[in-house]
**Student:** 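Below you'll find the structure I mean.
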Amino acid sequence: MISFPDVAPGERIAISATLYVTFRSCPQQALGRLRGEYPTESIASFKGSLAHRVFARHLVSGPIPERDVLQACREEIGAPEGHLNMKLAPLELNRPSRLAPVLAEVGDLYARFKRFPTDGFRAAEVNLEVDVGGGAILRGRVDAIFDDPSGSPVIIDWKTGARLEDSGPQLEFYALIWALERGELPSRAEAVSVQTGERTGIDPTPKRAEEVAREVAAMIETLRIALQTVSDVDRRAGPYCRWCPLLDGCTEGTTAVEILGGP
Ligand code: SF4
């Protein structure tokens, strides 16, 4: 139903929602990711990842009694698929006194999360992957799928900290991959703040999905040329520069951080 533009054959390249969102903010930072330059792991991202694992457990296996939440957190940290165990030492969370407040915050997030209705729940942590030809793959991991009253899928992305107003491009990317893999657009894609219960979202249309497909195809071409020719792409500075792994060598970014105020 949704067609993806032809992609010229080239080196294998995998495009995630994170890469697409990063490219829209700053193409050079996205290129850096493909060259192995990632933002350093933070306690906030660890907390978010652990909370998402606990949310998925709730949806799949049912509510976790309050007395078992800490144990559930520990089990999720040890689960191989989450890769959380290997992040403990670099973040110094292997010390009980450092880990305890993180687990307490995840417990607090879970207490809020379990108030959400689960009617229409279909699946949690759904991996999507589409081969769009020419060696290019689109990938996404959707937090949850619910069915709307007519039985059509609704994509849900839980937000434990990020601002909801930045979520549009990520949701559009998920809607595109869902449509390419499943042959139908989701009826809606939503970001939900676990802190406040606030929701924002998009009602995907074929026209917008085709536009996003063209943007992603153009992004693939731009990134591949830069990788092949060992050249740079556009830099677009913004508040996100302070977390960019390329900041030290980037004039645009350091200027932006000076103007906007750094950490
Ligand atoms: S520091 Fe800012 S402008 Fe420079 S590459 Fe990173 S995100 Fe882009």
Side-chain angles (χ1 to χ4, degrees), residues 1-39 125-143 145 152-157 162 165-191 200-238 240-241 244-246 250 252-253:
M1 180 182 72
I2 303 298
S3 60
F4 196 88
D6 289 341
V7 176
E11 287 286 313
R12 183 181 152 81
I13 187 168
I15 307 295
S16 66
T18 302
L19 194 74
Y20 172 65
V21 171
T22 304
F23 186 89
R24 284 177 56 105
S25 299
C26 176
Q28 181 67 18
Q29 190 184 357
L31 179 62
R33 277 184 166 264
L34 292 179
R35 289 174 174 158
E37 303 259 17
Y38 294 96
E125 297 190 322
V126 178
N127 290 312
L128 302 171
E129 183 166 306
V130 182
D131 184 340
V132 292
I137 306 278
L138 309 189
R139 280 198 183 124
R141 185 178 174 89
V142 173
D143 287 342
I145 303 293
S152 297
V154 177
I155 289 173
I156 298 291
D157 189 65
E165 54 266 37
D166 298 334
S167 55
Q170 180 190 16
L171 297 175
E172 287 184 322
F173 187 85
Y174 286 153
L176 171 65
I177 319 185
W178 182 276
L180 291 170
E181 195 196 276
R182 308 287 171 111
E184 59 166 355
L185 276 169
S187 62
R188 190 161 166 79
E190 288 187 337
T200 187
I202 59 167
D203 298 312
T205 63
K207 179 171 179 289
R208 182 57 195 147
E210 302 255 357
E211 286 170 2
V212 175
R214 287 195 290 277
E215 281 177 36
V216 174
M219 177 181 92
I220 291 169
E221 188 180 351
T222 300
L223 290 173
R224 270 186 166 159
I225 290 171
L227 289 169
Q228 281 161 10
T229 58
V230 198
S231 56
D232 287 348
V233 291
D234 289 345
R235 293 168 192 257
R236 267 183 238 131
Y240 41 80
C241 288
C244 176
L246 308 179
C250 178
E252 293 88 338

**Student:** Quick one: are P245 and Q29 in side-chain contact, heavy atoms under 4.5 Å?
**Tutor:**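 Of all side-chain heavy-atom pairs linking Q29 with P245, at least one is under 4.5 Å.
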
**Student:** Would you call I145 and I156 a side-chain contact if the rule is heavy atoms closer than 4.5 Å?
**Tutor:**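 No, too far: nothing below the 4.5 Å cut-off.
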
**Student:** Flag the pair L34 / L19 as yes when at least one side-chain heavy-atom distance between them is below 4.5 Å, and no otherwise.
**Tutor:**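 Side chain of L34 against side chain of L19, heavy atoms only: contact under 4.5 Å found.
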
**Student:** Given E129, which of L138, I137, I177 fulfils the side chain to side chain contact (heavy atoms under 4.5 Å, CB included) condition?
**Tutor:**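 Of all the options given, the one that passes is I137.
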
**Student:** Are the side chains of E252 and Q28 in contact, using a 4.5 Å heavy-atom criterion?
**Tutor:**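 Result no, sub-4.5 Å side-chain heavy-atom pair not found.
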
**Student:** Check P5 against A213 and note the closest heavy-atom contact, atom names and distance.
**Tutor:**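 Closest approach of P5 to A213, heavy atoms only: CD-O, 3.8 Å.
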
**Student:** Hey, what do you get for OG1 (T22) to CD (Q170), rounding to the nearest 0.5 Å?
**Tutor:**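 Separation between the atoms: 10.0 Å.
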
**Student:** Calculate, to the nearest 0.5 Å, the distance between atoms CZ and CD1 belonging to R208 and I2 respectively.
**Tutor:**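 So the CZ of R208 and the CD1 of I2 are separated by 12.0 Å.
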
**Student:** Do E210 and S3 have side-chain heavy atoms sitting under 4.5 Å apart?
**Tutor:**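 E210 vs S3: side chains touch.
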
**Student:** Would you say N127 has more than 12 foreign heavy atoms packed within less than 6.0 Å of its CG?
**Tutor:**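 Counting neighbours around CG of N127, more than 12 heavy atoms of other residues, nucleotides or ligands fall under 6.0 Å, so yes.
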
**Student:** Given side chains that start at C-beta, do those of F23 and T222 come closer than 4.5 Å, heavy atoms only?
**Tutor:**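 Yes; the side chains approach each other to less than 4.5 Å.
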
**Student:** Does a side chain donor of either E215 or Y20 reach within less than 3.5 Å of an acceptor in the other side chain?
**Tutor:**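 Yes - a donor-acceptor pair under 3.5 Å links their side chains.
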
**Student:** Looking only at non-hydrogen atoms, find the nearest pair between D234 and C26 and report the distance.
**Tutor:**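 That would be O-SG, 4.2 Å.
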
**Student:** Are any of the side-chain heavy atoms of F173 and V21 separated by less than 4.5 Å?
**Tutor:**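 No, too far: nothing below the 4.5 Å cut-off.
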
**Student:** On a heavy-atom basis, which atom in S231 and which in L31 lie closest, and how many Å separate them?
**Tutor:**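 Closest approach of S231 to L31: O-CD2, 3.5 Å.
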
**Student:** Shortest non-hydrogen contact from A136 to I220?
**Tutor:**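 So the two residues come closest at CB-CD1, 3.9 Å.
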
**Student:** Is it true that a side-chain atom of Y174 and a backbone atom of A189 form a donor plus acceptor pair closer than 3.5 Å?
**Tutor:**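 Not a single qualifying donor-acceptor pair exists.
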
**Student:** Just verifying a value: how many Å separate E37 CD and L246 CG, rounded to the nearest 0.5 Å?
**Tutor:**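 Those atoms lie 5.5 Å apart.
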
**Student:** Are any of the side-chain nitrogens in E181 or R139 under 4.0 Å away from the carboxylate oxygens of its partner?
**Tutor:**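 Salt bridge between E181 and R139, a charged N being under 4.0 Å from a carboxylate O: no.
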
**Student:** What's the separation between atom CG in L223 and atom CD in E11, rounded to the nearest 0.5 Å?
**Tutor:**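 Going from the CG atom of L223 to the CD atom of E11 covers 13.5 Å.
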
**Student:** Would you compute the distance between atom CG of D157 and atom CG of L171 and round it to the nearest 0.5 angstrom?
**Tutor:**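 CG of L171 is found 6.0 Å from CG of D157.
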
**Student:** Roughly how far, to the nearest 0.5 Å, is the CG atom of L128 from the CH2 atom of W178?
**Tutor:**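 The distance works out to 6.5 Å.
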
**Student:** What I want to find out is whether E221 reaches R224 closely enough, with some N-O distance under 4.0 Å, to be called a salt bridge.
**Tutor:**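 No.
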
**Student:** For residues T200 and S167, report the shortest heavy-atom separation together with the two atoms involved.
**Tutor:**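 Looks like CG2-OG, 3.6 Å.
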
**Student:** For a 4.5 angstrom cut-off between non-hydrogen side-chain atoms, does R33 reach T18?
**Tutor:**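 Answer yes - side chains close enough.
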
**Student:** Under the 3.5 angstrom rule, does the side chain of S187 hit a backbone N or O of P153 as a donor-acceptor pair?
**Tutor:**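 Answer holds: yes.
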
**Student:** How close do L185 and A175 get, counting heavy atoms only, and between which atoms?
**Tutor:**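 Closest approach of L185 to A175, heavy atoms only: CD2-O, 3.9 Å.
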
